[in-house]
Asker: 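Just passing along the structure, written as structure tokens.
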Amino acid sequence: MDGVSEEAPAWPAESEGPVDALAALEEAIHTAGSAAAWAAAAGISPAYVSDVRLRRRAPGAAVLRALGLQRIVSYAPIAEVSR
């Protein structure tokens, strides 16, 4: 498997719009009872989960997969600046 256990808690991706990955992580941790419990169930190091929560690292593929999320990058034109 891709480093995520079968029992990894998943965050349902029912939303059609953007999802706040850190809020989803906090909710999943709350549901699991602790960050250590969620990390163990997801097969992710507790230190890595802590770094994501403290914004020292971005949520990577393993965290996003365990939350049922995917990273999507988009680009938009810069608004005209009056000179």
Asker: Nearest 0.5 Å please: distance from the OH atom of Tyr48 over to the CZ atom of Arg53.
Answerer: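 Result: 14.0 Å between the selected atoms.
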Asker: Locate the shortest heavy-atom distance separating Pro59 from Leu64; write the atom from each residue and the value.
Answerer: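 Smallest heavy-atom distance, with atoms named: O-CD1, 3.7 Å.
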Asker: For the CZ atom of Arg57 and the CG atom of Asp51, what is their distance to the nearest 0.5 Å?
Answerer: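 Here the interatomic distance stands at 6.0 Å.
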Asker: Considering residues at least two apart in sequence or located in another chain, which fulfil the salt bridge (charged side-chain N to carboxylate O under 4.0 Å, His left out) criterion with Arg71?
Answerer: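 With sequence neighbours excluded, Arg71 shows a salt bridge (charged side-chain N to carboxylate O under 4.0 Å, His left out) to no residue whatsoever.
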Asker: Distance check, rounded to the nearest 0.5 Å: Thr31 atom OG1 versus Glu26 atom CD?
Answerer: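 One gets 11.0 Å once the value is rounded to the nearest 0.5 Å.
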Asker: Check Ala32 against Ala37 and note the closest heavy-atom contact, atom names and distance.
Answerer: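 Nearest heavy atoms, Ala32 then Ala37: O-CB, 3.7 Å.
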Asker: For the residue pair Val52 and Ala58, what are the closest heavy atoms and their distance?
Answerer: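 The pair with the smallest heavy-atom distance is CG2-O, 3.9 Å.
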Asker: Of all the heavy-atom pairs spanning Ala21 and Leu67, show the shortest one and how long it is.
Answerer: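 Heavy atoms only, the tightest pair is O-CD1, 3.9 Å.
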Asker: For Ile29 and Ala35, work out which heavy atoms get closest and say how close.
Answerer: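 The pair with the smallest heavy-atom distance is CG2-N, 3.4 Å.
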Asker: Taking all non-hydrogen atoms of both residues, which atom of Val49 and which atom of Ala39 are closest, and how far apart?
Answerer: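 Shortest heavy-atom separation between Val49 and Ala39 comes out as CG2-CB, 3.8 Å.
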Asker: What's the separation between atom OG in Ser50 and atom CD1 in Ile44, rounded to the nearest 0.5 Å?
Answerer: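 It is 13.0 Å, given to the nearest 0.5 Å.
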